[in-house]
Asks: 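Would you mind keeping the following structure in view while I ask a few things?
Worth saying up front: this structure is predicted, and the values here are computed from it rather than measured. These numbers come from the heavy atoms of this one structure, side chains and all, not from hydrogens, waters or symmetry mates. Per chain, numbering begins at 1; letters A, B, ... match sequence-line order.
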2 protein chains.
Amino acid sequence: MRPEFRCDCPFTSALDVLGDKWMLVIVKQMLIEGKETFKDFTESDEAIATNILSTKLKLLEELGVIMKTKRPNNKKTNLYLLTDKGLALTPLLVELAVWSDKYLRDIHPTIVNGEEMELLRSDKMAFASAIEKKYKEKLATIQYMQ
Amino acid sequence: MRPEFRCDCPFTSALDVLGDKWMLVIVKQMLIEGKETFKDFTESDEAIATNILSTKLKLLEELGVIMKTKRPNNKKTNLYLLTDKGLALTPLLVELAVWSDKYLRDIHPTIVNGEEMELLRSDKMAFASAIEKKYKEKLATIQYMQ
DNA sequence: TTTTTTACTTTTGTTTCGCAAGCAAAAATA
DNA sequence: TATTTTTGCTTGCGAAACAAAAGTAAAAAA
């Protein structure tokens, strides 16, 4: 796997890999919404098509952003879990949300605005740490093939 | 202009607007590489096609991320400058570079690795502040139609 | 006055996206 | 045990986005 990088710029190279409509949305669904199975993703608000989901999950796995595994007692359902490389995208996702919160409300007034946005506004690093910690605890708790 | 948002999630909404191959690359070229004119962009490492460049510049302007203006003594050449909304993308760009630096080198070894990466690694917020400050100083210095 | 530069648009592919349908294996149910 | 449902895909096809090449028109430079 070599996603054909445009040049040697670190900014651009990240976008060569993540810069599309779906890659970071899938990571967000795993990190924030706890989605783990193919089914989980298809039932999302964002309504991703199954062929695209399939393609992107493969890409994310090849990149090492997610791992594909199973629960010990289920041979059918695949479990998709974030790796360290995937979890390291948390600060990036947080910056996306911070920018949306500040600058997108004028053209998209229905962006969610609940209590959970308070911590994001007052201390984005604490917000990032909290969701990272939560995900790591989950990884330590659930059973899956390693 | 209403870029058809998939849902009310702040993460996803940012990606509805910025999640493609070019939007953030153009912002980066302005912020980091000082590109200001159509010509400047066409001469980039990333080699954007002129039709796409034209479309994306329009989109960025409609979004309020950039402004299109001219120098007082030149009726031909357009000047593209970042607005506050565009400058506010600095922390996001910095996170992209931080992640590339840490996690993309194994599959893309020629990513630039000069002295400027040191500050990024040791203090990313200082790095972000430095480039934001530099851009603001430039805005205060150059002449353009307001 | 002619040439060059700048900022595009147009044309014509090609690739990616995305809906709908289909399918096979595993799991759940009767 | 047999049948139905669930899960995780793949396939086919139309639509949209992307991209290379060429063309254009106005301004600036020579």
Asks: Using only heavy-atom distances, determine whether the side chains of Asp40(B) and Thr37(B) contain a donor-acceptor pair under 3.5 Å.
Replies: yes
Asks: OP1 or OP2 of dG18(C) sitting under 4.0 Å from any side-chain N/O of Trp22(A)?
Replies: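 The answer is yes; a side-chain N or O of Trp22(A) sits under 4.0 Å from OP1 or OP2.
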Asks: After noting the C-alpha distance and the side-chain angles of Lys134(B) and Glu137(B), does the key distance pass the salt bridge (charged side-chain N to carboxylate O under 4.0 Å, His left out) rule?
Replies: CA-CA 5 Å; Lys134(B) 196 179 155 198; Glu137(B) 281 168 5; over 6 Å; no
Asks: Using a 4.0 Å heavy-atom cut-off to protein, can you give one letter per nucleotide of nucleotides 24-30 of chain D, 5' to 3': B if the base is in contact, S if only the sugar-phosphate is, - if neither?
Replies: --BSS--
Asks: Is the base of dG18(C) touched by the side chain of Asn51(A) through a donor-acceptor pair closer than 3.5 angstrom?
Replies: yes
Asks: State the CG-CD1 distance between Asp101(B) and Ile111(B), to the nearest 0.5 angstrom.
Replies: 7.5 Å
Asks: Taking atom types as modelled and ignoring hydrogens, do the side chains of Ser13(B) and Asp16(B) form a donor-acceptor contact shorter than 3.5 angstrom?
Replies: no
Asks: Rounded to the nearest 0.5 Å, what's the gap from CD1 on Ile48(B) to NZ on Lys56(B)? Could you check?
Replies: 8.0 Å
Asks: Taking the nucleotide of DNA chain C with the nearest heavy atom to each, does Asp40(B) or Ile52(A) sit closer to the 5' end?
Replies: Asp40(B)
Asks: Under 4.0 Å: is that the gap between some side-chain N or O of Lys21(B) and OP1 or OP2 of dA17(D)?
Replies: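 Answer is no, no contact under 4.0 Å.
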Asks: Establish, with yes or no, whether the OP1 or OP2 oxygen of dA7(C) is under 4.0 angstrom from a side-chain nitrogen or oxygen of Lys68(B).
Replies: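 So the side-chain polar atoms of Lys68(B) never come under 4.0 Å of the phosphate oxygens OP1 or OP2 of dA7(C).
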Asks: Within the structure, does a side-chain N or O atom of Thr50(B) lie under 4.0 Å from either OP1 or OP2 of dC8(C)?
Replies: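 For dC8(C), neither OP1 nor OP2 has a side-chain N or O of Thr50(B) closer than 4.0 Å.
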Asks: From Leu93(B) CG over to Lys28(B) NZ, what is the distance, rounded to the nearest 0.5 angstrom?
Replies: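 Atom-to-atom, Leu93(B):CG and Lys28(B):NZ are 9.0 Å apart.
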Asks: Between Ser54(B) and Glu43(B), just flag the one whose closest nucleotide in DNA chain C comes earlier from the 5' side.
Replies: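 The residue whose closest nucleotide sits nearer the 5' end is Glu43(B).
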Asks: For the residue pair Phe38(A) and Ser54(A), establish whether any side-chain heavy-atom pair is separated by less than 4.5 Å.
Replies: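 They are in side-chain contact.
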Asks: What residues from residues 24-34 of chain A pass a heavy-atom cutoff of under 4.0 Å to DNA chain D?
Replies: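 Result for residues 24-34 of chain A: none.
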Asks: Give, for atom CE of Met30(A) and atom CG of Leu57(A), the distance between the pair rounded to the nearest 0.5 Å.
Replies: 7.5 Å
Asks: Hey, does the side chain of Lys39(B) come within less than 4.0 Å of dC8(C)'s phosphate (OP1/OP2), counting only N and O?
Replies: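 False: Lys39(B) side-chain N/O out of range (4.0 Å or more) of dC8(C) OP1/OP2.
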Asks: Ignoring hydrogens and angles, does a donor from either the side chain of Thr55(A) or the base of dT16(C) sit under 3.5 Å from an acceptor on the other?
Replies: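 Counting by modelled atom types and ignoring angles, no donor-acceptor contact under 3.5 Å is found here.
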